[in-house]
Amino acid sequence: MERDNETWMHEFILLGLSRDRGTQVSLFVLFLLMYLVTVLGNFLIILLIRLDSRLHTPMYFFLTNLSFVDVSYATSIVPQLLAHFLAIHKAIPFLSCAAQLFFSLSLGGIEFLLLAVMAYDRYVAVCDPLRYSVIMHAGLCMRLVITSWVSGSINSLVHTTITFQLPMCTNKYIDHIACETLAVVRLACVDTSSNKIAIMVSSIVLLMTPFFLVLLSYIQIISTILKIQSTEGRWKAFQTCASHLTMVVLCYGMAIFTYIQPHSSPSVLQEKLMSLFYAILTPMLNPMIYSLRNKEVKGAWQKLLGKFSGVTSKLAT
């Protein structure tokens, strides 16, 4: 028993998505391509915002942070997932598991808080446009971002500490693609009711509270848009929020469906699919949504590509 416990203290075994070798290779290729698109797309958004002075506004300052969080979140999970698709022994060291849980949980919380901050930014832009630059000054934007990062990190640190203090006995097999909170808690050989309550409270604080702030912001935004007389004016006002609203629906909708269920818990398969959704799909879609649905970003891309074409033409001649 002591030897088993010592083994558990050094590593966990992640069961992943499939044990079929052919399926694992196919998933490796698919997720590798999606991860590369995610990293490239988000870093291009960050680079574009830095290079184009027209995008040096609070909205795009928050988007830069959101893109960085998305890349970081994907990187905290996907590289290890890809390595395990090709590995025979799918082990993850104890400290690496704890670090993965901390970073993925903190970055997930930060993303939800940033989306709430961006909703407030859109509320001011639509409902009080004349005072927008006065209200959304650089100092406030920086404080809002720092608060998001600190709050998400503290919440994650508390959860990670509590989770890895649970006695796991000899159980080291995690039925998941990564070290996720509920998956690790299930390994405990003691009553985990208090941990599940803590997860619920955390979900309410870091998920439902920002969600209601987003909801209140959009109630005010919609009310203001409906008061605009011209159809063109309404459409223009709505366009300023369309990209953010799409991300809100994707992120908050899936999280609420997964974790805020009063009488039932998500199945293991649901948890795996949700982790894939947040680790791969959402970060990959973020730059696409903001590039395709945002005129300012599309204009900046055209300007940048025009400059690049001009430089290449001069070099060719």
Which residues pass the side-chain hydrogen bond (donor to acceptor under 3.5 Å, both in side chains) test with [X], not counting sequence neighbours?
| X | answer |
| --- | --- |
| Ser153 | none |
| Tyr132 | Asp121 |
| Tyr123 | none |
| Gln80 | His84, Gln100 |

- Note on the structure: Tracing side-chain contacts under 4.5 Å among Ile, Leu, Val, Met, Phe, Trp and Tyr outward from Ile222 reaches Leu226

Are [X] and [Y] joined in one hydrophobic group, where the rule is that I, L, V, M, F, W and Y side chains link up if heavy atoms are under 4.5 Å apart?
| X | Y | result |
| --- | --- | --- |
| Leu82 | Val29 | yes |
| Met288 | Leu30 | yes |
| Ile135 | Leu114 | yes |
| Leu216 | Val126 | no |
| Ile228 | Phe238 | no |

[X] [atom1] to [Y] [atom2] distance, which is reported to the nearest 0.5 Å:
| X | Y | atom1 | atom2 | answer |
| --- | --- | --- | --- | --- |
| Thr163 | Gln165 | OG1 | CD | 9.5 Å |
| Leu105 | Thr181 | CG | OG1 | 4.5 Å |
| Met247 | Asn286 | CE | CG | 4.0 Å |
| Phe85 | Ser26 | CZ | OG | 10.0 Å |
| Leu63 | Leu55 | CG | CG | 9.0 Å |
| Met59 | Ile49 | CE | CD1 | 8.5 Å |

- For Tyr120, enumerate each residue passing the ring-ring contact (aromatic ring centres under 6.0 Å, His included) test, keeping only those at least two apart in sequence or located in another chain. none

- Query: What residues, two or more places apart in sequence or in another chain, satisfy ring-ring contact (aromatic ring centres under 6.0 Å, His included) together with Phe62?
  - Reply: none

- Query: More than 12 non-hydrogen atoms from neighbouring residues, nucleotides or ligands closer than 6.0 Å to CZ on Arg50, yes or no?
  - Reply: no

- Residue Phe28 excluded, over 12 heavy atoms near CZ under 6.0 Å: yes

- Message: So, using salt bridge (charged side-chain N to carboxylate O under 4.0 Å, His left out) as the criterion, who are the partners of Arg131 when residues are at least two apart?
- Response: Asp128

- Test salt bridge (charged side-chain N to carboxylate O under 4.0 Å, His left out) applied to Lys272 - qualifying residues, sequence neighbours left out: Asp175

- Message: For residues 217-229, which residue pairs pass the side-chain hydrogen bond (donor to acceptor under 3.5 Å, both in side chains) check, not counting sequence neighbours?
- Response: Tyr218-His244

- Message: Among Leu36, Leu33, Val37, which residue satisfies the side chain to side chain contact (heavy atoms under 4.5 Å, CB included) criterion with Met284?
- Response: Val37

- Which pairs, with at least one residue in residues 134-160 and sequence neighbours excluded, count as a salt bridge (Lys or Arg N to Asp or Glu O under 4.0 Å)? none

- Task: Given side chain to side chain contact (heavy atoms under 4.5 Å, CB included), test Leu17 with Phe31 step by step and report yes or no.
- Result: CA-CA 12 Å; Leu17 289 171; Phe31 291 157; 3.9 Å; yes

- Message: Before we go on, tell me: are the rings of Tyr278 and Tyr73 under 6.0 Å apart, centre to centre?
- Response: no

Throw together a table of side-chain donor-acceptor distances under 3.5 angstrom for residues 206-215, partners on residues two or more places apart or in other chains.
{"unit_1": "Thr209", "atom_1": "OG1", "unit_2": "Ile204", "atom_2": "O", "d": "3.1"}
{"unit_1": "Thr209", "atom_1": "OG1", "unit_2": "Val205", "atom_2": "O", "d": "3.4"}

